[in-house]
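What follows is a set of notes on a single structure, which appears directly below.
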There are 2 protein chains.
Amino acid sequence: MSNEALALDAAQNSVDQATRLIREDILSGRIAPGERLKTAELAKRLGFSTMPLREALRKLEGEGLVAIEPNRGATVRQLDRAYITDLFELNTELRIFAVRRGMAMLTLERIRELEGLAKEYRMHLEAGEDLEAIDCNRRFNARLVEFGGNREALRVFLRGWDTIFAFRRGYGYGTGRRRVMAEEMKLLIEALRRQDATSAEAILRMQNAAMMEDLVSRIAPES
Amino acid sequence: MSNEALALDAAQNSVDQATRLIREDILSGRIAPGERLKTAELAKRLGFSTMPLREALRKLEGEGLVAIEPNRGATVRQLDRAYITDLFELNTELRIFAVRRGMAMLTLERIRELEGLAKEYRMHLEAGEDLEAIDCNRRFNARLVEFGGNREALRVFLRGWDTIFAFRRGYGYGTGRRRVMAEEMKLLIEALRRQDATSAEAILRMQNAAMMEDLVSRIAPES
DNA sequence: GGAGATCAGATTGGATCAGTTCTATTCCGA
DNA sequence: TCGGAATAGAACTGATCCAATCTGATCTCC
């Protein structure tokens, strides 16, 4: 499991280092879905022996990021349409769950933190800094789920989020949704301030519907 | 990821076979949480060389079942109280989500299938066949979540369920809840028949509260 | 000209081995 | 008798080797 997504990698030995490097390469899009991961090639590129890489690939197989077929080696896992939409829907549900559960424990400080992140998001947006905006969006939502207080939900959410974005990178982002997103953050925070779970849930569901439409339109009809 | 929990293991090579065997040993409780998994010992017991076992353990590390510390080897992951309760709560939420989402797509045939499983559960209960009853309960709930139509939710649910039960095995089950459980299955099915999502959700939440209380009472106060 | 067999190169799978790190016992001194 | 250090053993880590398998290209035959 991605304990490392929360607590950082110890990464003292080659296996952990290699795992982290390959994982980053996949999630950042430097290695595309479907691409083969040959141990010899990775060994040369990353400077390890093939042994640690074999173990690293197995670990990533366990995480679901790569698929290993007997005698054919590892490939970056193909993410089909159903998988991505299921993942996305699940993540929306996790956010709603977190908001409902965390509403009572929300402090003013936490709301301010979310406001800060929303503001940062708008700034990056206006400056045209796409990558920073995306990262900020991730931090906003991760924090939102974290305030729900269920660490397992957060773990599942983060893995899903990263996988979805690794996928979207290949298909491009919809820039049209960006400004709406900033507006939705604002509305959500207001709902949180009012302790209005119903409104918050409605906002998240609307957001889900819009994002899902955008997502599906980019994916080939059947895959 | 436990693709194998859904699609069965191909298991042509030693690594996949070893992974499956060790996973079963852990989830069935034959190997206790915290116990060390020495490659040499496993190699002798399972009849493989140490090489495939190293990779198998890495894969299980990715799945979150074992923890590997540098130069100290693998141990069955320790499941603390917060982890288990978070997992349990998440699973309840996933069931509620599945019921809400799957309600509209419920056919009479599916409801009958659930009824069949509920009946089987009662029979095993009266016959005192605990293990069969537990397995039946798992199938009932897995089917319930599956009818929700979100395969990712199902995957997360199953992994959580298996982990929780691997944990409970060590602390013993509450036999007092058994008969209530059978009653709750019945009520849930009735609610599904009436397309009454609100009732169904209420039943699941009540069940969650009762189970959680039972669970927490068995765990040491702090761990 | 196309389909299937064949063969060489590339890649994975499993095994063994030396080096390093950790663990647990033992031994020595206070 | 207790505490700490030294040591011996066990286990893990990383590297290399060889066999088994796959991939892709060429060649032959229909």
Side-chain angles (χ1 to χ4, degrees), chain A residues 1 3-4 8-23 25-26 30-78, chain B residues 1 3-4 8-23 25-26 30-78:
Chain A
M1 187 155 312
N3 306 329
E4 296 82 11
L8 67 167
D9 267 292
Q12 293 175 351
N13 57 359
S14 305
V15 179
D16 288 337
Q17 285 181 49
T19 306
R20 195 167 45 77
L21 287 172
I22 299 172
R23 192 195 294 121
D25 275 353
I26 294 175
R30 283 189 289 276
I31 308 179
E35 198 168 326
R36 284 189 69 176
L37 296 163
K38 302 174 192 172
T39 53
E41 184 187 320
L42 288 170
K44 209 174 65 179
R45 187 161 66 82
L46 302 179
F48 299 111
S49 171
T50 56
M51 261 300 308
L53 289 173
R54 278 160 67 169
E55 292 186 38
L57 290 174
R58 284 291 174 188
K59 184 171 172 180
L60 291 171
E61 184 193 18
E63 290 183 14
L65 244 58
V66 315
I68 298 183
E69 287 173 279
N71 294 320
R72 295 207 42 205
T75 52
V76 179
R77 178 164 169 189
Q78 284 286 6
Chain B
M1 187 155 312
N3 306 329
E4 296 82 10
L8 68 168
D9 267 291
Q12 292 175 354
N13 56 1
S14 306
V15 178
D16 288 337
Q17 285 180 49
T19 306
R20 194 167 45 77
L21 288 172
I22 299 172
R23 192 195 295 120
D25 275 353
I26 293 175
R30 281 188 290 275
I31 308 179
E35 198 168 326
R36 283 190 72 174
L37 296 163
K38 303 174 192 172
T39 53
E41 185 186 322
L42 289 170
K44 210 173 63 177
R45 187 161 67 82
L46 302 178
F48 298 109
S49 170
T50 57
M51 262 299 308
L53 289 172
R54 276 160 69 171
E55 294 187 37
L57 289 174
R58 283 293 174 188
K59 186 171 172 182
L60 291 170
E61 184 193 18
E63 292 184 14
L65 244 57
V66 314
I68 298 183
E69 287 173 279
N71 293 320
R72 295 206 40 202
T75 53
V76 179
R77 179 165 168 188
Q78 283 286 7

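Every chain is numbered from 1 and lettered A, B, ... according to where its sequence line falls, protein lines coming before strand lines.
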- Message: Before you tell me yes or no, could you show the steps for Val15(A) and Arg54(B) under side-chain contact (heavy atoms from CB on, under 4.5 Å), namely the whole-Å CA-CA distance, both residues' side-chain angles and the distance that decides it to 0.1 Å?
- Response: CA-CA 11 Å; Val15(A) 179; Arg54(B) 276 160 69 171; over 6 Å; no

- side-chain contact (heavy atoms from CB on, under 4.5 Å) between Glu55(A) and Lys59(A): does it pass, once the steps are laid out? CA-CA 6 Å; Glu55(A) 292 186 38; Lys59(A) 184 171 172 180; over 6 Å; no

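- A straight line from NZ of Lys44(B) to C1' of dA10(D) spans 13 Å, rounded to a whole angstrom.
- Looking at heavy atoms from C-beta onward, Ile22(B) lies in side-chain contact with Leu53(B) at the 4.5 angstrom threshold.
- Summarising the geometry, the separation between CG on Asn71(B) and C1' on dT23(C) is reported as 12 Å, rounded to the nearest angstrom.
- Residue Asn13(B) contributes atom CG, which lies 12 Å from atom C1' of dT21(D) at whole-angstrom precision.
- No hydrogens or angles were tested; on distance alone, nothing pairs the side chain of Arg54(A) with the base of dG14(D) as donor and acceptor under 3.5 Å.
- To the nearest angstrom, C1' of dC12(D) lies 13 Å from CG of Asp16(A).
- Remark: Thr50(B) is not in phosphate contact with dC12(D), judged by side-chain N or O atoms under 4.0 Å from OP1 or OP2.
- Between Met51(A) and Met51(B), the closest side-chain pair of non-hydrogen atoms falls below 4.5 Å.
- Summary of helix geometry: the two end axes of the helix from dG1(C)-dC30(D) to dA30(C)-dT1(D), each defined by five base pairs via their C1' atoms, are inclined to each other by 10° (rounded to 10°).
- Distance Ile68(B) CD1 to dC12(D) C1': 11 Å, rounded to the nearest Å.
- Checked by distance alone, Arg72(A) brings no side-chain donor or acceptor within 3.5 Å of a matching partner on the base of dG13(C).
- Mapping Met51(A) and Ala40(B) onto DNA chain D via the closest heavy atom, the residue that lands nearer the 5' end is Ala40(B).
- Using a 4.5 Å heavy-atom threshold, the side chains of Thr75(B) and Arg36(B) count as touching.
- Regarding Lys38(A), its NZ atom lies at a distance of 17 Å from the C1' atom of dG13(C), rounded to whole Å.
- Between Asn71(B) and Asn13(A) the shortest side-chain heavy-atom distance does not fall below 4.5 Å.
- Checked for salt-bridge contact, Glu61(A) and Arg58(A) meet the test: a charged N lies under 4.0 Å from a carboxylate O.
- For dA15(D), one of the phosphate oxygens OP1 or OP2 lies less than 4.0 angstrom from a side-chain nitrogen or oxygen of Ser49(A).
- Atom CD in Gln17(A) sits roughly 13 Å away from atom P in dT13(D) (whole-Å rounding).
- Here dT21(C) presents its C1' atom at 13 Å from CD of Glu69(B), a figure rounded to the nearest Å.
- If you check every strand for non-hydrogen atoms under 4.0 Å, Leu53(A) touches nothing.
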